[in-house]
Amino acid sequence: MVEWIPLLPALAAALTAVLFVLRRDNGRLAAMPVIVATGASLALSVAAFQSVARFGAQIGQIEWLRIGDFSASVGFLLDGLSALMLLVVASVALLVQVFSVGYMEGDDGFARFFAYLGLFASAMLGLVLADNLLMVYICWELVGICSYLLIGFWYRNRAPANAAKKAFIVTRFGDLGLLLGIILLWSSAHTFEIAALEKLVQTDNLKPVLLSAGAFFTVVPLLVFLGAVGKSAQFPLHVWLPDAMEGPTPVSALIHAATMVAAGVFLVARLFFLFHASPTALQTVAWIGGFTAFLAATIALVQVDIKKVLAYSTISQLGYMMLGLALGGIAVGMFHLSTHAFFKALLFLAAGSVIHACHHEQCLLRMGGLHRRMPLTSWTTLAGALALAGVFPFAGFWSKDEILASALRSPALFALALAVAGMTAFYMTRLWFLAFAGEPRSEHASHARESSAWMGVPLVLLALAALAGGAINLPGSSSLTALLEPDRQAHGFAWPVAVGGLAVALAGIAVGVRLYGRDPARDAVTRLPKGLYRFLSNKWYIDDFYERGVARAAVAWGAMVAWFDRNVVDNLVNLAAWICALVGRALGSFTNGQPQFYAAVLALMAVIAAALVGLAATGALGGILP
């Protein structure tokens with residue numbers, strides 16, 4: 001039944017699209033096929049997880065196509081990693097879909113939105129289950145096109161349309177790297193199957209072509225990681241994710257917090273055997289992850305758009321996951337991916353509840369006083385914020401501090417990770433006080449009211465997961481390590497590091513309460529030194545570099561190519577056409593329709609031919625003619 005996990009949402013998406021086309025039904029019933037199918041996929045995912053826990057990994061495949069000696073299969077690889085991701089993707093997708101019924105009610109594209117959600121869930125579940133790199137790449141691109149469709153859902157507005165294009169174009173650079181890595185792997189191993197590739201690498205039977213063994217095991221993991229950098233919004237390809245907040249907020253919760261952006265982390269974990277064979281690749285992953293975490297956290301400090309704060313927070317936490325993978329292994333990185341999926345989805349959905357209640361107002365400076373008007377949203381946001389900050393006993397405390405413990409082997413990366421922990425606690429405290437404390441600072445905020453049960457129930461369930469999600473890998477249990485890395489001995493929980501990390505988080509919260517507790521109407525970060533505040537507000541000028549440097553250079557290059565095409569290529573083609581026309585006109589003078597003229601020309605040609613034959617016979621032409 002495993003194959004039905006991704007198929008059910010795809011069939012439901014197709015059914016929703018067909019019903020919409022035939023009946024133009026935009027009511028709540030249009031969401032039911034996708035919600036029911038995703039619920040069924042979640043039930044099957046639970047069964048699959050239990051099956052892996054009892055019987056171990058399973059592989060199933062059928063031949064898809066054969067061309068000569070080349071064959072490709074369609075199949076699934078159900079192991080601890082894919083079973084865990086199935087639960088995360090299916091559960092978050094289902095809760096987001098239920099939330100969307102309330103959030104998107106009345107929208108002209110309601111049915112279309114749910115068709116997109118179903119297609120995305122199918123593509124992501126297929127990516128998680130794929131047993132070979134060819135299917136991984138197909139689902140990888142399907143996830144990308146679903147992201148494009150959902151970010152640009154309100155395509156009639158310029159900002160969402162531009163954000164969708166930006167996301168699609170920026171991630172293409174990463175996808176190109178992944179494609180090249182897959183080609184190099186197939187050229188050397190002549191197989192796309194992940195299990196077969198892992199066996200070849202571990203037994204040292206992979207014979208690289210085009211590159212030496214040392215270069216191959218450095219270049220290929222880095223190319224694969226480039227794909228992860230694009231999808232998981234790591235530096236320097238992180239710039240698309242904040243702009244993607246132009247899409248509907250449930251999209252941000254599903255794609256840009258819990259699932260699609262986690263695909264890059266999952267890819268590194270799935271092909272971790274390649275990275276493990278290359279210390280250079282692992283160091284690259286660690287430093288890119290650590291720097292991205294720090295970079296995004298500093299930018300989140302000064303953002304005033306509630307979704308932009310969470311977007312940069314997501315980028316930062318994805319960097320944390322990469323750092324955990326590189327320094328601590330699969331279990332450490334995936335533990336934080338799992339807990340983060342729930343509390344970050346919670347925070348985005350809570351932000352959606354606030355935005356919906358405030359008539360699509362997203363600026364924190366125009367909110368305030370929402371705790372009294374939206375208590376459920378306020379308390380669940382607080383739960384998500386505490387989990388993200390890593391406060392005991394919330395889920396983030398357990399997963400974040402395993403990353404901190406893993407980073408101890410590199411003092412510089414440990415310092416970066418600890419600084420990120422403090423900044424995360426501060427900017428989430430700032431967000432909560434600006435949105436929920438004090439008095440309303442706008443007409444919309446003063447008339448806000450709590451969201452419907454369609455939106456409230458998912459918030460409560462996700463808040464419970466944010467509180468208790470750390471139970472999947474509590475100290476002493478090592479259940480996640482046994483599931484994901486059965487051959488590896490789990491390390492003990494580093495209580496001194498955990499206490500230190502908690503102290504830093506509490507210090508960040510204390511600073512936030514001190515600055516915003518008495519007067520949340522004043523944004524204290526604006527009192528930073530002007531140069532520093534401008535630097536952070538302008539996102540380290542990285543976006544400016546792309547827009548004013550890379551984009552303008554690309555436009556200039558395009559203009560030069562266009563000039564060459566118009567003035568050189570077109571003129572060469574026109575020259576050939578002019579010559580042909582000239583020859584045609586010359587030959588056309590011989591076709592005047594007069595039989596006597598044709599007879600005269602024919603007689604002349606016959607005389608010339610006879611003369612040439614005669615001259616050739618006497619040798620007068622000196623061998624010119626044969």
Side-chain angles (χ1 to χ4, degrees), residues 65 67-68 70 72 133-134 136-152 155-188 192 209-211 215-216 219-220 222-231 233 235-241 243-244 246 541-593:
L65 59 87
I67 304 173
F70 171 79
L133 292 178
L134 185 59
V136 165
Y137 192 76
I138 291 172
C139 292
W140 186 270
E141 294 302 331
L142 281 174
V143 167
I145 192 62
C146 290
S147 173
Y148 171 81
L149 293 172
L150 286 166
I151 294 170
Y155 60 88
R156 292 183 179 89
N157 299 330
R158 176 173 292 184
N162 288 340
K165 288 186 287 186
K166 183 175 182 179
F168 192 79
I169 292 170
V170 171
T171 54
R172 289 312 90 201
F173 293 98
D175 292 357
L176 176 61
L178 175 59
L179 178 61
L180 292 175
I182 291 174
I183 292 172
L184 286 174
L185 280 170
W186 184 85
S187 299
S188 301
F192 289 113
V209 297
L210 303 177
L211 298 170
F216 181 88
V219 171
V220 170
L222 291 179
L223 288 172
V224 170
F225 181 58
L226 184 58
V229 164
K231 273 288 190 292
F235 174 83
L237 300 181
H238 65 282
V239 294
W240 67 269
L241 183 58
D243 291 57
E246 294 291 344
Y541 294 101
I542 296 173
D543 288 69
D544 291 340
F545 169 74
Y546 279 119
E547 292 171 9
R548 300 178 184 178
V550 176
R552 289 184 180 179
V555 170
W557 171 257
M560 184 176 67
V561 171
W563 179 90
F564 183 83
D565 180 64
R566 286 193 302 268
N567 295 281
V568 178
V569 176
D570 285 0
N571 285 337
L572 286 175
V573 173
N574 292 338
L575 177 63
W578 180 82
I579 293 173
C580 291
L582 182 63
V583 173
R585 284 195 297 271
L587 294 176
S589 62
F590 291 95
T591 56
N592 53 16

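Rounding to the nearest 0.5 Å gives a distance of 9.5 Å between CH2 of Trp140 and OG1 of Thr171. Taking CG of Leu575 as the start and CH2 of Trp578 as the end, the distance is 7.5 Å to the nearest 0.5 Å. Rounding to the nearest 0.5 Å gives a distance of 11.5 Å between CD1 of Ile579 and CG of Asn574. A distance of 5.5 Å separates CG in Leu582 from CZ in Arg585, rounded to the nearest 0.5 Å.
When side chains are defined from C-beta on, Phe192 counts as touching Ile182, because their heavy atoms get closer than 4.5 Å.
Every residue two or more places apart in sequence or in another chain that forms a side chain to side chain contact (heavy atoms under 4.5 Å, CB included) with Leu149 is listed here: Tyr116. Legend: residues meeting side chain to side chain contact (heavy atoms under 4.5 Å, CB included) with Leu65, ordered by chain and number and at least two apart, are Ile67, Phe70, Ala72. Scanning for side-chain hydrogen bond (donor to acceptor under 3.5 Å, both in side chains) contacts around Asp543 gives Lys166, with sequence neighbours left out. For Arg172, the side chain to side chain contact (heavy atoms under 4.5 Å, CB included) test picks out Glu141, Phe168, Asp175, with sequence neighbours left out. By the salt bridge (Lys or Arg N to Asp or Glu O under 4.0 Å) test, Asp544 pairs with no residue at all, sequence neighbours left out. Applying the side chain to side chain contact (heavy atoms under 4.5 Å, CB included) criterion to Leu180, with sequence neighbours excluded, gives Leu176, Leu223.
Evaluation of the side chain to side chain donor-acceptor pair (under 3.5 Å) test over residues 142-152, restricted to residues two or more places apart or in two chains, returns none. The salt bridge (charged side-chain N to carboxylate O under 4.0 Å, His left out) analysis of residues 549-571, with sequence neighbours excluded, yields no pairs.
Counting non-hydrogen atoms of neighbouring residues, nucleotides and ligands closer than 6.0 angstrom, the CZ atom of Phe564 reaches no more than 12 such neighbours.
Across all their heavy atoms, Pro160 and Glu246 have their closest contact at CA-CB, 3.8 Å. Contact record, Leu237 with Val170: O-CG1, 3.7 Å, taken as the closest heavy-atom pair. The heavy-atom pair separating Ile151 from Ala164 by the smallest distance is CG2-N, 3.6 Å. Closest non-hydrogen pair, Leu226 versus Gly177, comes out as CD2-CA, 3.8 Å.
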**Report entry** From CA spacing to verdict: side chain to side chain contact (heavy atoms under 4.5 Å, CB included), Leu133, Tyr137
**Finding:** CA-CA 6 Å; Leu133 292 178; Tyr137 192 76; over 6 Å; no
Query raised in the report: Stepwise, does the side chain to side chain contact (heavy atoms under 4.5 Å, CB included) test hold for Lys231 with Val143?
Result: CA-CA 10 Å; Lys231 273 288 190 292; Val143 167; 4.2 Å; yes
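No donor-acceptor distance shorter than 3.5 angstrom exists from the side chain of Trp240 to the backbone of Ile169, with no hydrogens or angles considered.
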